[in-house]
Amino acid sequence: MKPRGLLSAAMCIARKDLREFSRDGVGLLLAFLLPLVLVAVFGFIMGRVGGGGAPMPRVDLALLDLDRTEQSAALVTALLASDTLDVVRPGPDSAPWDEADVRERISSGEDPYGMVIPQGYAEGADLILLRDPGRDLEEQLVLMSLVGALFDAGGEDFAWEMSKRGLEASGLPPELTGRIEAVVNGFRFAVEAMFDEAQANGSFDEDAAFGGGDGADDDGADGDGENAGNAGDAAGGNAVGMAEILQLTLPLELVDVAPEGRDAQLGYQVTHAVSGMTVMMLLFSLVGFGRSLLIERDKGTLVRLLSAPVPKSSILLGKLLATFFTGLLLVFVLFGFAHVVFDIDMVSRFDTLLVLTLVNCLACTAFAAAIAGWARTEKQADGVSVLLILTMSALGGSWMPSMMMPEAAQAVGRFTLTYWSLRGYQGTFWYGQHWTDPEMLQSMGVVLAIAVVLLALASRLFRTRYVRT
Amino acid sequence: MQDAPPSLLAVDGLTYAYGARLAVDHIAFDVRRGEVFGLLGPNGAGKTTAIACLSGLQRPAGGTLTFDGAPFDPVERPADRARLGLVPQSLAVYDDLTALENLVFFAEMLGVEDPREAAVAGLALAGLQERSRERVRTFSGGMKRRLNLAAGLVHRPELTLLDEPTVGVDPQSRHHIFEALETLKAKGHSMLYTSHSMDEVERLCDRVAIMDTGRLLDTGTPAELAERAGLPGADLEATFLELTGHRLRDEA
């Protein structure tokens, strides 16, 4: 008989744990299928929201045209053509609406926004935009679409009307506004005459006009990894985004900058969703796996292991090894899936991904071991792990990018393991950073420090709560 | 008069406390080579704690242990733990592994050079050769109990500590376990045996120690204990009740 050493005994326990794990077919399927489904669902949802070649989300707008003029019909047509609005109108067989009906649709939650084109719109009456004040997230989309539709329907008249209103809003008295309008109209007619003349002699390039060409400057690419993109495409479903309009009217050059090699169709939100869900599911899966220590204790098998002629620390080490290996497998299955489904490049960044994943799995394994060490029952382990993982995921940015959160939440989020793990993965997938880059070293350093602290805690808890000599 | 066999494990002044409560209070006894020694006591007497101290699971607060004449420290020295086999009261086997995998794993952990060969021998001891490749989850309580026994003996220890190894088993499994233990005894295997079943202890054990509230009340053969308790010729149960009283002991 030859007593085993630390590593040999640990490997023996790790092999046994993995064999046990592989025997629970349904559990095994869920352990890998659930993260895959979540990554797929979040990647798909965030892909739609965040661009990456996918269409923009659409907002319902109940529309009532009381004016029934050529001008109002043009606005209705332009709104119907919007990529971001689903215009809702009474069906051919239903009773016609009045303004109260539109208000009722919004107050009852059927539609978040409504628009009434009042009688007299053609003569200058204001449009009425009805909104549910709680649905402000969609407001920017609605307003952007409305501006686009008004430009489409009203053309230059709308532009001049906007200018006039701007002057009035700036506090000019009505008589001065009238005088300015006369001057502007004179200027406008002169400009129109020049356009007509240019069109007549063939020197007017219609393709170069608003919305007719690329908004971004293609000369922005250079050898330092800056690529000029097509800003018109980047704007998602809108032909011209707000930035593109500003570029055309202000002394502004719009340049898309992306690391070399990034897929132009890849969306920030997709890489974020995949990374975020992966980190969160890694924590959940490994905590589940780490509970095997609790199960061993409750079942009585831990007594056998502790009385075996092996170093007692080999028991914890064996559990850590099995958990760590499962984590590695899970991450690479998830990223492999994302590589195939979402075109997230895993192959060319494999070395960085490997180093990063080794560090992250170590930290998540340590987290799982600390939970198992602390908890006195499986119920306690379940409760505290759900609480901690969901909180860390929310604050650390697994669900939505940290930049979209309030500053206080962002500040607190920096104290979470999730934040730094995610920062590393986004650094790789989105910014194309190598693991030797200072930002990556910083992220990995923080994760490693967390891992060391948690491992020390787990080891102490194991000695005091499990070995108890 | 025949000389007593030499002492294998000698316990002197063993003490363990849970906080202020002494669970094991300066007990002293020895287990001789080739002997089956019974440790009896009502619930809460300190039997399981004493076994935990002997097997290295808990560090005694006081006392000395000697194994085969040499100092014995199973808490600190893995090699000392290797000399012992432990059959705990709980069914300490893995439900998702097969019987063979369980025994191979424990044999590996116990440092056996040919774990598979030892596991096959263990299966024979437990009468589970036919079910060796089935998962333990599908086993009856009695089969698990037999496997539990085999797992504690798979490395052929010099002394086996058996903590109520027949709790909750059907008569057939109990009979099988007893046959296995009697075979081992016949081969000169040393055992320390705890049980609530006086019949089992009388049938199997050469000498008995009776514990209560952490203290050792008496040690000897069942006949010696009865004699000293003033009940010559009485069975072990009567002696036990005379020594420990009739008060109910409900463990928390």
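Fair warning: this is a prediction, and the values are worked out from it, not measured in the lab. In what follows, every heavy atom counts, from backbone to side chain, and hydrogens, waters and symmetry copies are set aside. Letters A, B, ... mirror the listed sequences (proteins, then strands); counts begin at 1.
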| field | Among B:Glu113, B:His155, B:Met109, residue most engaged with chain A (heavy-atom pairs, under 4.5 Å) | value | B:Met109
| Aromatic ring centroids of A:Phe325 and A:Phe21 under 6.0 Å? | no
| message | For B:Arg33, is there an ion pair with B:Asp68 - N to carboxylate O distance below 4.0 angstrom? | response | yes
| Which of residues 299-307 of chain A have a heavy atom under 4.5 Å from any heavy atom of chain B? | A:Lys299, A:Gly300, A:Thr301, A:Val303, A:Arg304, A:Leu305, A:Leu306, A:Ser307
| field | Any side-chain donor near an acceptor of the partner, A:Ser398 and A:Tyr419, under 3.5 Å | value | no
| Quick one: do the B:Ser190 and B:Glu158 side chains pair a donor with an acceptor below 3.5 Å? | no
| note | Whatever's closer than 4.5 Å to a heavy atom in chain A on B:Ala118 counts as neither
| said: What part of A:Ile295 gets within 4.5 angstrom of chain B, counting heavy atoms only: side chain, backbone, both, or neither? | reply: neither
| field | Aromatic plane relationship, A:Tyr466 with A:Phe462 - under 30° parallel, 30 to 60° tilted, over 60° perpendicular | value | parallel
| said: Quick check on B:Asp80 against chain A: is it the side chain, the backbone, both or neither that has a heavy atom closer than 4.5 Å? | reply: neither
| message | Between B:Arg135 and chain A, with a heavy-atom cut-off of 4.5 Å, which part of the residue counts as in contact: side chain, backbone, both or neither? | response | side chain
| query | B:Val31 and B:Met191: which non-hydrogen atoms are nearest, and at how many Å? | reply | CG1-O, 4.0 Å
| Pair B:Tyr94-B:Leu147, side-chain contact (heavy atoms from CB on, under 4.5 Å): steps then yes or no | CA-CA 10 Å; B:Tyr94 297 103; B:Leu147 184 63; over 6 Å; no
| query | Measuring heavy-atom distances to chain A, does B:Glu101 have an atom under 4.5 Å in its side chain, in its backbone, in both, or in neither? | reply | side chain
| message | Does either side chain, that of A:Tyr425 or that of A:Thr357, offer a donor lying less than 3.5 Å from an acceptor on the other one? | response | yes
| said: Parallel, tilted or perpendicular: which one describes the rings of B:Phe37 and B:Phe29, with boundaries at 30° and 60°? | reply: parallel
